[in-house]
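I have placed the structure first, in the form of C-alpha cells, so that the comments after it can refer back to it.
In each ligand, atom 1 is the first atom listed, and ligand 1 is the first ligand listed.
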Amino acid sequence: MLFQVEMTVKLPPSMPAEEAAAIKAREKAYAQELQHAGKWRHLWRVAGSYANVSIFDVRDNAELQEIVAGLPLFPWMEIGVKPLCRHPSSIRDDDS
Ligand SMILES: O=C(O)C[C@H]1C=CC(=O)O1
C-alpha cells in the first residue's frame, strides 16, 4: 500500500544544538535504512521549509504507524497521511 506522508519538523528553539544534531543523525540513519529496504520510496524536501513529502510503500496501516512512530523526530513533527491508489489516467503499469 502506498501512502503520501507530509512531515513538518518543529524542534523547540530551546533544545540544545548537540541534542538536536544527535536526533537528526539518528533520523537520517533510520530514514536511509528504510529507503534501502524499499519501504520509504520517495523523500523530498518542501522547498523553503523544514518539511518533507514522502511516499511509503508498506504492507498496511499498522506498518505505516509502526514506522512513523519509530522516527526519532516523531515527538517533534506534525504528520499528515494520505492513502494513495492508482490513477485511471496513469501510463505506468506498476506502482512505481
Ligand atoms: O528532515 C526532515 O524532513 C525530517 C526527517 C525525514 C527524514 C530525515 O532524515 O529527517
- Tell me: protein heavy atom nearest atom 7 (C) of ligand 1, and distance? Trp40 CH2, 3.8 Å
- Query: What is the nearest protein non-hydrogen atom to atom 5 (C) of ligand 1, stated with its residue, atom name and distance?
  - Reply: Glu27 OE2, 3.2 Å
- Query: Considering all heavy atoms of both residues, which atom of Glu27 and which atom of Leu73 are nearest to each other, and what is their separation?
  - Reply: OE1-N, 2.7 Å
- Message: Assess whether a salt bridge exists between Lys39 and Glu33, defined as any Lys/Arg side-chain N lying under 4.0 Å from an Asp/Glu carboxylate O.
- Response: no
- Item | Where ligand 1 meets Tyr50 - atom numbers and elements under 4.0 angstrom, heavy-atom basis | 1 (O), 2 (C)
- Message: Quick check against the 3.5 Å criterion: does Tyr30 have a side-chain atom that pairs as donor or acceptor with the backbone of Ile67?
- Response: yes
- Message: Could you check whether Trp40 and Ser54, counting side-chain N and O atoms only, form a donor-acceptor pair closer than 3.5 Å?
- Response: yes
- Task: Please confirm whether the backbone N or O of Ala31 pairs with a side-chain atom of Gln35, one donor and one acceptor, at under 3.5 Å?
- Result: yes
- For atom 3 (O) of ligand 1, closest protein heavy-atom neighbour: Arg45 NH1, 2.7 Å
- Just which atoms of ligand 1 are under 4.0 Å from any heavy atom in Lys28? 9 (O)
- Going by the order shown, which atoms of ligand 1 are within less than 4.0 Å of some heavy atom of Val9? 4 (C)
